[in-house]
Q: 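What follows is a single structure, and I will ask about it in a moment.
All heavy atoms count here, side chains included; hydrogens, waters and symmetry mates do not.
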Amino acid sequence: SSGGSCTPMALRNTVSVSATGSTDPNSSNNSSEVTSQLRCPSSDLSIIKSADKTTLLPGETIIYTLAVTSNGPDGAGNVVVSDMLPSGTAFDVLFLQTDGFVCSQQPSDQNHIVCTRPTMSAGSSAIIRIQAKVRSSGACVAKSLRNTAMVSSSVTPDPNGTNNSSEVTSQLTCPNADLFITKSGIGQIQRGSTLLYTVTAFNLGPNTATNVVIADPSNPKLSILVD
């Protein structure tokens, strides 16, 4: 019977023969026994997680790839993948590939992603690809983004729990820009003449500078005309 819980056990079966109308001179061969082993279904589920970036800036996206495998010896039922995006960081999430899994963000925690699949046959694999964009609102705080994914089955025992989780770490860095400015003009000038100043600003990187302001206090003895 396949219903109910499964308990491994030895199935011993004995058959015997006898006669009521005669005497058997050798009773040592009147019975025979066979034993079979009842094996319960199990599936060694494994998961490997990777990321396409090791560092990223606010506003950039990172793609996480989850490779899920049912290594057998049997298929697995009610397979669940739980993926915890780094806490304390807000993401905009898009599921690029699910391979039969149904994935969603949990209402109570948008950084908690759960993917479910009814069955995975022995030897089969599936790829889940998740795109996560770091929201750029608020002040930037550099930090390590540690991401752990786990796989399990609620109905099929897993004989090997050492490969049920996988972790990747990326570094969230804050934008910085090395601004450089030069100013030039002639050394002497007559009263009433025009003095030309040239101001040149450079961004030496590595990132784009925003809200850049050049401050050049004017001399009260000069009439300023900006070109």
Side-chain angles (χ1 to χ4, degrees), residues 1-15 31-56 61-87 89 91-133 144-171:
S1 173
S2 60
S5 60
C6 177
T7 302
M9 66 179 66
L11 301 178
R12 184 174 289 106
N13 188 308
T14 303
V15 62
S31 64
S32 181
E33 180 181 278
V34 294
T35 300
S36 301
Q37 190 68 32
L38 175 62
R39 183 182 65 81
C40 296
S42 66
S43 181
D44 177 16
L45 293 173
S46 64
I47 189 168
I48 298 175
K49 182 164 191 174
S50 60
D52 70 332
K53 293 179 180 177
T54 56
T55 61
L56 68 161
T61 61
I62 185 169
I63 297 177
Y64 293 111
T65 300
L66 287 64
V68 184
T69 302
S70 172
N71 297 292
D74 305 294
N78 294 346
V79 181
V80 178
V81 172
S82 177
D83 189 13
M84 295 297 300
L85 296 179
S87 61
T89 303
F91 296 90
D92 293 319
V93 173
L94 180 64
F95 300 109
L96 303 179
Q97 181 179 350
T98 58
D99 280 5
F101 280 89
V102 177
C103 299
S104 63
Q105 295 170 268
Q106 300 307 287
S108 59
D109 183 358
Q110 290 290 294
N111 282 18
H112 185 195
I113 295 172
V114 174
C115 301
T116 60
R117 180 169 162 170
T119 59
M120 286 190 70
S121 59
S124 66
S125 296
I127 298 295
I128 300 172
R129 296 174 65 237
I130 303 169
Q131 176 181 286
K133 179 180 180 181
S144 292
L145 301 179
R146 181 175 291 107
N147 188 317
T148 302
M150 297 176 290
V151 64
S152 62
S153 168
S154 61
V155 296
T156 309
D158 190 330
N160 179 18
T162 62
N163 55 5
N164 294 155
S165 66
S166 182
E167 180 181 281
V168 295
T169 300
S170 301
Q171 188 68 32

Q: Between Asp52 and Ile63 (side chain of the first, backbone of the second, donor and acceptor by atom type, cut-off under 3.5 Å), is there such a pair?
A: yes

Q: Does any N or O in the side chain of Thr156 come within less than 3.5 Å of the main-chain N or O of Gly77, such that one atom is a donor and the other an acceptor?
A: yes

Q: Do other residues, nucleotides or ligands put more than 12 heavy atoms under 6.0 Å from the CD1 atom of Ile48?
A: no

Q: Got a second to check how far Ser170's OG is from Tyr64's OH, nearest 0.5 Å?
A: 5.0 Å

Q: Provide the closest heavy-atom pair for Gln110 versus Gln105 in the form atom of the first, atom of the second, distance.
A: O-NE2, 2.9 Å

Q: Start with the C-alpha distance between Asn71 and Asn160, add both sets of side-chain angles, then the distance that settles side-chain contact (heavy atoms from CB on, under 4.5 Å), and finish with yes or no.
A: CA-CA 10 Å; Asn71 297 292; Asn160 179 18; over 6 Å; no

Q: Would you compute the distance between atom CG of Asp83 and atom NE2 of His112 and round it to the nearest 0.5 angstrom?
A: 8.0 Å

Q: Quick one about Ser70 and Ser43 (side-chain donor to acceptor, distance below 3.5 Å, no hydrogens or angles considered), yes or no?
A: yes

Q: Mind listing the closest non-hydrogen atom pair of Pro41 and Pro157 along with its distance?
A: O-CD, 3.3 Å

Q: Does the side chain of Asp99 come within less than 4.5 Å of Val68's, by heavy atoms?
A: no

Q: Between atom NZ of Lys133 and atom CG of Leu94, what is the distance when rounded to the nearest 0.5 Å?
A: 11.5 Å

Q: Roughly how far, to the nearest 0.5 Å, is CD1 of Ile127 from OG1 of Thr69?
A: 7.5 Å

Q: Are Ser153 and Asp158 close enough that some pair of their side-chain heavy atoms sits under 4.5 Å apart?
A: no

Q: Indicate the atoms forming the closest heavy-atom contact of Ser31 with Thr14, along with that distance.
A: CB-CG2, 4.5 Å

Q: Where the side chain of Thr98 meets the backbone of Phe101, is there a donor-acceptor pair that is under 3.5 Å apart?
A: yes

Q: Does the side chain of Arg146 come within less than 4.5 Å of Thr169's, by heavy atoms?
A: yes

Q: Is it the case that the side chain of Asn111 and the backbone of Thr89 share a donor-acceptor pair, with hydrogens and angles ignored and the cut-off at 3.5 Å?
A: yes

Q: To the nearest 0.5 Å, how far apart are CD in Gln131 and CD1 in Ile62?
A: 10.5 Å

Q: Using every non-hydrogen atom in the two residues, find where Val81 and Ile47 come nearest and quote the distance to one decimal.
A: CG1-CD1, 4.0 Å

Q: Enter the distance from Phe91:CZ to Ile113:CD1 here, rounded to the nearest 0.5 Å.
A: 9.5 Å

